[in-house]
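Have a look at the structure below, then the notes.
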Amino acid sequence: METLLFDAKNPGATDAVAEILKRGGLAAIPTETVYGLAANAFDGEACANIFKAKGRPGDNPLIVHICDMEMLSDVVSEVPEGARLLAEKFWPGPLTIIMKKSGKIPMVTSANLPTVAVRFPAHPVAREIIKKTGLPLAAPSANLSGSPSPTTFQHCVNDLMGRVDAIIDGGPCSVGVESTIISLAGERPVLLRPGYVTLEQLRETIGEVELSKAVLEKLGEGEKVLSPGMKYKHYAPKAAVSLVKGSSEKYVNFVNEHAGEGVYALCFDEEAPVLKTKTVTYGSEFSDAEQAEHIFEALRELDSLGATRVFAHSPKITGVGLAVYNRLVRAAGFDVIELD
Ligand code: AMP
Ligand code: MG
């Protein structure tokens, strides 16, 4: 398949992408979280092609992106009170809300679930494209299934060239990790995936929110999962990755003792100068937002540098750090080394 490449800065680019989507095609588009691989959410065949292009398991549902509240009433059967409060505070923005779906959402889009995940993105290019198509767009991350999510145009090109109809450049993503996902479809609100909108902020807005066990821990064989995406190995570079917990001092000493060929430290900016191994940094120890912005780029960089063994320093698990930890512990296949 020929993949057309666009730059959102050029006149006519978003119109051309909207036309491709209206015709049932696939296009990778920028959002503030990560790039998404978009298709018409109402078109089952187009959505089935998203799964094919990404190599995504068919039981992992897609997030549907809207550009106004009118579209919301088209994709869900009811809007719970909590969703109204959250939408008022965090939309447009990096928050996905799971609600009961409307009859217009095909089974492939929601992977046979009676619910649908909905987000109203803030990125101007994403919003423009949704508006121009006049359709809600199903869009999971625009990477090959299993590899780190794409936060730049080049990441999408690397993964999807020849597999999709179009890729449009809207610059690097500012948030860097996928949206926070909260389910309001059950009896109690549950945080299924942490992101830039934090658990603390959600609780301030709607009261008690449960933290799904799958956020921090590996699920046991046969355990019920609320968010199918959480059960797959994810975000992993080719190297064997361990997530190391402990103070900077202990981390640096530990890694220096394990220096060797192909060994890399995935560390905070402040630690790089005192490490004896090669390093890839993912932001300051003191900025969880910076860590989120850089984590996927850093994981991809380890691959391009040929790392074979990686010791990643664990972030704190409060605020946005919970999202960074959630991605890293999956990249490490839950291999955690405790130094304390
Ligand atoms: P991605 O866009 O690649 O980050 O994947 C979307 C994420 O949303 C996956 O982890 C899915 O499991 C989750 N998701 C989408 N729809 C639903 C739903 N109806 N119920 C629970 N999780 C969902
Ligand atoms: Mg994904």
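Counting from 1, the numbers follow the sequence of the chain as shown. Just so you know, ligand 1 is whichever comes first in the structure, and atom 1 is the first atom listed for that ligand.
A salt bridge links E178 to R327: one of the charged nitrogens lies within less than 4.0 Å of a carboxylate oxygen. Between D340 and K245, no side-chain nitrogen of the basic residue sits less than 4.0 Å from a carboxylate oxygen of the acidic one, so the salt-bridge criterion is not met. For the pair R23 and D43, the salt-bridge criterion is not met [side-chain N within less than 4.0 Å of a carboxylate O]. Checked for salt-bridge contact, R119 and E32 meet the test: a charged N lies under 4.0 Å from a carboxylate O. Looking at D288 and K316, no side-chain N of the basic residue comes within less than 4.0 Å of a carboxylate O on the acidic one, giving no salt bridge. A salt bridge links E208 with R203; the closest basic N to acidic carboxylate O contact falls under 4.0 Å. E128 has no carboxylate O lying under 4.0 Å from a charged side-chain N of K131, or vice versa, which leaves the two without a salt bridge.
The nearest heavy-atom contact from the protein to atom 4 (O) of ligand 1 is R193 NH1, 2.5 Å. Counting only heavy atoms of the protein, atom 11 (C) of ligand 1 lies nearest to N60 OD1, 3.1 Å. The protein heavy-atom contact nearest to atom 13 (C) of ligand 1 is S227 OG, 3.5 Å. At the top of the distance list for atom 2 (O) of ligand 1, counting protein heavy atoms only, stands P140 CA, 3.1 Å. The single protein non-hydrogen atom nearest to atom 5 (O) of ligand 1 is R56 NH2, 3.0 Å, given as residue, atom name and distance. At the top of the distance list for atom 10 (O) of ligand 1, counting protein heavy atoms only, stands G229 CA, 3.3 Å. The protein heavy-atom contact nearest to atom 20 (N) of ligand 1 is I98 CD1, 3.3 Å.
Every atom of ligand 1 is numbered from 1 in the order shown, and the set under 4.0 Å from a heavy atom of A117 is 15 (C), 16 (N), 17 (C). Under a 4.0 Å criterion applied to the non-hydrogen atoms of L113, ligand 1 contributes the atoms 18 (C), 19 (N), 20 (N). Residue-ligand proximity, P61 to ligand 1, at heavy-atom distances under 4.0 Å covers atoms 6 (C), 11 (C), 12 (O), 14 (N), 15 (C), 16 (N), 17 (C), 18 (C), 23 (C). Every atom of ligand 1 is numbered from 1 in the order shown, and the set under 4.0 Å from a heavy atom of S141 is 1 (P), 2 (O), 3 (O). Interface of I181 with ligand 1, defined as ligand atoms under 4.0 Å from a residue heavy atom, comprises 7 (C), 8 (O), 13 (C).
Using a non-hydrogen distance threshold of 4.0 Å, K101 does not register as a contact of ligand 1.
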Problem set entry | Verdict with supporting geometry, H294 and Y282, ring-ring contact (aromatic ring centres under 6.0 Å, His included) | CA-CA 5 Å; H294 299 298; Y282 73 102; 9.1 Å; no

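In summary, an N, O or S atom of S141 is located under 2.8 Å from the Mg ion (ligand 2).
Aromatic pair F268/H313: ring centres closer than 6.0 Å. Aromatic pair F254/F311: ring centres closer than 6.0 Å.
Counting heavy atoms closer than 4.0 Å to ligand 1, residue T115 contributes atoms from both its backbone and its side chain.
Looking at K54 next to ligand 1, no N or O pair under 3.5 Å apart turns up.
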